Trainee: 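Following this message is one structure expressed as structure tokens.
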Amino acid sequence: MKKKIVLFIVIAVVAALSVSVLLTGCTTIDMSKAGPDEIKEYGKLVVATSPDFPPFENLDQAGNVVGWDIDVAQALADKLGVKLEVQQMEFDAVLSSVAAGKVHIGMAGISNTEERDKSVDFSMNVFNSSQMIIVREDNTSITGPMDLAGKTVAVQAGTIGNWLAEMDEDYAYNFDDDGNVLLDEPLLGEPRTVTKLSSGLMAIQQVKNGQADAVILDKLPAQTIVANLNAEGGAQLKILETSVYDDAYAFAIGEGNTALKAWIDSALEELIADGTFDELNEKWFGSSEE
Ligand code: ARG
């Protein structure tokens with residue numbers, strides 16, 4: 001009888017301990033504060049991305065996440081001497097995961113903006129981009145940003161294209177020299193309807209099948225996705241020459257994580273100086289220029 005009670009207590013204690021180990025394993029690591037030394041100790045660099053944005057990140061035939069950002073992520077992990085773990089999520093979860101300390105870095109063609117800089121920190125800028133307008137080839141009524149007035153515009157949720165289409169005051173207007181928004185100087189005509197989707201591809205498909213008039217999307221992904229869809233046949237698409245907005249990509253890290261910021265920026269400088277960036281630009285963009 002006594003033996004049975006002891007055995008029961010032992011089992012109960014072991015069970016309780018293993019539950020608490022599991023819980024602490026899941027809940028207590030705040031990665032937003034981890035500098036290079038903590039990441040080395042942890043043994044892996046955890047990167048968040050949204051693999052729907054070729055050539056920066058996409059899924060290959062085998063379902064692996066590939067792209068320019070992923071190769072840069074691997075180069076950073078190699079420099080730290082740790083493994084790379086890429087976590088896939090929708091774009092609007094990437095920045096919140098960084099802010100919540102669930103990952104070390106967000107690498108997802110993320111535009112570096114003042115507004116976002118309030119909740120995360122950014123590395124140096126790594127790529128210059130523009131927000132482009134995509135319409136059907138046969139569309140003659142939309143020839144530039146102002147013609148989006150009254151139209152249906154499809155966007156990827158949480159992106160700059162989303163904030164532009166919704167006439168967000170942080171993005172969709174000119175600013176004066178003191179940083180005050182000039183509401184009488186919009187960068188685009190106000191759409192009547194904004195359709196938010198989970199990827200740029202889904203947004204562009206809406207234009208292709210006539211459910212939306214236009215998409216606002218980053219230049220290289222727009223070119224890549226439009227070329228792929230046009231090659232499939234059916235209604236053809238085009239990208240307007242005039243962009244809506246110019247931006248620059250950077251990698252997002254935890255707010256105030258100065259140790260990681262300093263490390264990443266010097267690592268990126270090295271990758272630029274030793275030609276790695278040129279090679280990756282050539283591999284993914286077909287040119288060594290930004
Ligand atoms: N550059 C745009 C932004 O930061 C779009 C980024 C979308 N990235 C992605 N992996 N889907 O809002």
Side-chain angles (χ1 to χ4, degrees), residues 46-60 63-74 86-99 102-103 105-134 145 153-172 187-188 194-206 214-226 228-229 239 243-253 280 284-285 290:
V46 184
V47 166
T49 199
S50 171
D52 49 42
F53 201 67
F56 292 93
E57 47 267 339
N58 203 20
L59 295 177
D60 70 9
N64 301 309
V65 190
V66 296
W68 187 89
D69 277 325
I70 309 310
D71 281 355
V72 176
Q74 186 63 58
V86 177
Q87 290 191 8
Q88 303 177 32
M89 58 195 76
E90 293 200 348
F91 181 73
D92 56 7
V94 172
L95 284 163
S96 55
S97 296
V98 173
K102 291 185 184 155
V103 299
I105 320 182
M107 300 176 77
I110 302 170
S111 304
N112 177 351
T113 74
E114 265 181 51
E115 185 54 26
R116 289 172 172 171
D117 205 12
K118 293 174 187 162
S119 54
V120 297
D121 277 352
F122 282 106
S123 70
M124 62 185 272
N125 288 341
V126 291
F127 192 83
N128 291 322
S129 179
S130 307
Q131 298 298 316
M132 310 305 291
I133 297 170
I134 302 156
V153 176
V155 293
Q156 181 176 25
T159 61
I160 302 296
N162 185 164
W163 310 134
L164 288 167
E166 287 186 338
M167 304 306 289
D168 187 294
E169 292 188 10
D170 292 312
Y171 296 97
L187 303 178
L188 68 162
V194 179
T195 311
K196 297 191 232 180
L197 297 153
S198 64
S199 73
L201 171 62
M202 287 169 75
I204 298 178
Q205 271 161 344
Q206 292 233 323
V215 163
I216 303 175
L217 186 68
D218 306 53
K219 188 169 185 176
L220 284 189
Q223 288 172 344
T224 310
I225 296 169
V226 163
N228 290 343
L229 288 178
I239 302 170
S243 66
V244 188
Y245 181 97
D246 292 327
D247 50 359
Y249 300 165
F251 304 129
I253 61 173
L280 294 182
W284 292 104
F285 315 143
E290 266 202 5

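Computed from a prediction, not measured in an experiment: that's the story for all the values here. When a ligand or atom number is given, it counts from 1 through the structure's own listing order.
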Trainee: Might you work through the side-chain contact (heavy atoms from CB on, under 4.5 Å) test for N58 and F53, ending with a clear yes or no?
Mentor: CA-CA 6 Å; N58 203 20; F53 201 67; over 6 Å; no
Trainee: Within the 4.5 Å heavy-atom criterion, are M132 and L217 side-chain neighbours or not?
Mentor: no
Trainee: Is there a side-chain contact between L220 and P55 in this structure, where contact means two heavy atoms from C-beta onward sitting under 4.5 Å apart?
Mentor: yes
Trainee: Would F285 and F127 count as a ring-ring contact (aromatic ring centres under 6.0 Å, His included) here? Give the steps.
Mentor: CA-CA 11 Å; F285 315 143; F127 192 83; 5.0 Å; yes
Trainee: With a 4.0 Å heavy-atom cut-off, what residues sit around ligand 1?
Mentor: S50, D52, F53, E57, F91, A108, G109, I110, S111, R116, Q156, T159, I160, D218, Y249
Trainee: Any chance the side chains of S199 and D52 put a donor and an acceptor closer than 3.5 Å?
Mentor: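 There is no such pair between these side chains.
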Trainee: So V72 and M107, do their side chains get closer than 4.5 Å, heavy atoms only?
Mentor: yes
